[in-house]
There are 2 protein chains.
Amino acid sequence: MGQGGSGTLGGENLLFLTDEQLRKGIEAMFFAYRGFTADPDRILAEHGYGRAHHRALHFINRTHGTTVNNLLTVLGVTKQSLNRVLRTLIEDGLVDSRIGRTDRRERNLYLTESGKTLERKLSEAQRDRMRAAYRAAGPQAVAGFRQVLEAMMDDEIFRQYIALKERRT
Amino acid sequence: MGQGGSGTLGGENLLFLTDEQLRKGIEAMFFAYRGFTADPDRILAEHGYGRAHHRALHFINRTHGTTVNNLLTVLGVTKQSLNRVLRTLIEDGLVDSRIGRTDRRERNLYLTESGKTLERKLSEAQRDRMRAAYRAAGPQAVAGFRQVLEAMMDDEIFRQYIALKERRT
DNA sequence: ATTTTATGTCAGCCTTGTTGACATTCCAAG
DNA sequence: CTTGGAATGTCAACAAGGCTGACATAAAAT
């Protein structure tokens, strides 16, 4: 079924953006995202958590000491929704919430040791899958993969995320 | 762009699979998927539907006359979950469910005219986003994108999907 | 002193996953 | 032919995790 292979894709590009090509891309995205989340989902289920907990753990780990508000922006959910998840993580001792030093209204969020342990377990599972895909596809394909994904993001959200990383060293 | 691939992987690619690279890929996947679903989500919300309805419409359109069971396999949800979505689509006159001719236990699913209309509206929005990303990244990047996604899918699920398409001409 | 901001919480709704129970239909073994 | 099991699909009830709205508190900003 392959459309001639990547060679054909180089030159003439009238076929390149057919609805059929785009549909294949859309379906690939759907199936790949499912594969992408499958392994962490299994681990999370063992602990009684869901994807929402994974996202929180990931970004708290990624940006130590981030505030609730920052997390809301990155995750794109309401505070009520995030709060529910965050509360269970704090209660279970995976996340530490400390009152801000400069602004005492803020809460700075940190992973505890057991929080780091779970985060590592989850991200290792996900990295393993990603690594296997990267290996199978090769470095040039990976570069293309990243380019397309970045073009597909909601620009505003992405810019906010970048700004966030820069603000806190 | 011959992904002469595995050859290059041997050599200059120790940096290529660092945890940092993989983490960036993981986050790109997260943000991109959100962008990928954002436009259809808005349209669906106007109609009082969710993503599950979109998925059902997409695959019914893709494989006219498919059965509930086939759809379950492709979508990877329980029949009860799919049934709820399917019921509303049938009630609203977007999907037509006909008793199977050869096996009367089965239901063959078809989009009605208004079902096709909504499906087209949704997929156009999604294709627009995908097309923009493809244009921005270029054909070589797209080839890589597809390669990585395909390597990332759950093999079993994907194989079932392919088998499905072949079974019904 | 007053207003605004950051956070947390309660209540209630919706979508979409889950499991369990059940009806219908088909098919194969007796 | 009948009967019991397997396949298919429907209905009911529950849980996770989105959402909105209302409100409380503490701290910062004006």
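Both backbone and side-chain heavy atoms feed into the values below; hydrogens, waters and symmetry mates do not. Chain letters run A, B, ... following the sequence lines, proteins first, then strands; residues in each count from 1. Note that the structure is a prediction, hence the values are computed from the model and not measured.
Taking atom CG of residue A:Leu109 and atom C1' of nucleotide C:dA6, one finds them 12 Å apart after rounding to whole Å. Separating the CG atom of A:Asn69 from the C1' atom of D:dA26 is a distance of 15 Å, rounded to the nearest angstrom. Rounding to whole angstrom units, CD1 of residue A:Ile99 and P of C:dT5 are separated by 21 Å. One interatomic measurement links the two molecules: CG of A:Leu89 to P of D:dA16, which rounds to 14 Å at whole-angstrom precision. Spacing between atom CG of B:Leu72 and atom C1' of C:dG17 amounts to 13 Å, rounded to whole angstrom units.
Contact annotation: side chain of A:Gln80 to base of D:dG18, donor-acceptor pair absent below 3.5 Å. Evaluation of atom-type donor-acceptor distances gives a pair under 3.5 Å for the side chain of A:Arg105 against the base of C:dT5.
Nucleic acid contact for B:Arg84: base, since at least one base atom lies under 4.0 Å from a heavy atom of the residue. B:Ser97 comes within contact range of no nucleotide atom at all, as no heavy-atom separation falls under 4.0 Å. Within the 4.0 angstrom heavy-atom criterion, only backbone atoms of the sugar-phosphate kind lie near B:Gly48; the bases stay farther away.
Between the CG atom of B:Leu86 and the CZ atom of B:Arg107 there is a distance of 11.0 Å, given to the nearest 0.5 Å. In this structure, CG in B:Leu109 is found 11.0 Å from CG in B:Leu57, a value given to the nearest 0.5 Å.
Taking side-chain N and O atoms only, A:Arg104 has no distance below 4.0 Å to OP1 or OP2 of C:dT5. For A:Thr78 and D:dG18, the shortest distance from a side-chain N or O to OP1 or OP2 is not below 4.0 Å. Of the side-chain N and O atoms in B:Arg87, none sit less than 4.0 angstrom from OP1 or OP2 of D:dT10. The shortest distance between the side-chain N/O atoms of A:His53 and the OP1/OP2 oxygens of D:dA16 is not below 4.0 Å. When the side-chain nitrogen and oxygen atoms of B:Arg55 are compared with OP1 and OP2 of C:dG17, one or more of them lie within a distance under 4.0 Å. Look at B:Asn83 and you won't find any side-chain N or O under 4.0 angstrom from OP1 or OP2 of D:dG9.
The side chain of B:Ala52 lies closest to C:dG17 when the candidates are D:dG17, C:dG17, C:dT7.
Both B:Ile90 and A:Val77 sit near DNA chain D, but only B:Ile90 has its closest nucleotide nearer the 5' end.
The residues A:Glu119 and A:Lys116 are annotated as not salt-bridged, no charged nitrogen and carboxylate oxygen being separated by less than 4.0 angstrom. A salt bridge is defined here as a Lys NZ or Arg NE, NH1 or NH2 lying under 4.0 Å from an Asp or Glu carboxylate O, and B:Asp39 with B:Lys121 fails to meet this definition.
Using a 4.5 Å cut-off on side-chain heavy atoms (C-beta onward), A:Phe30 and B:Arg55 make contact.
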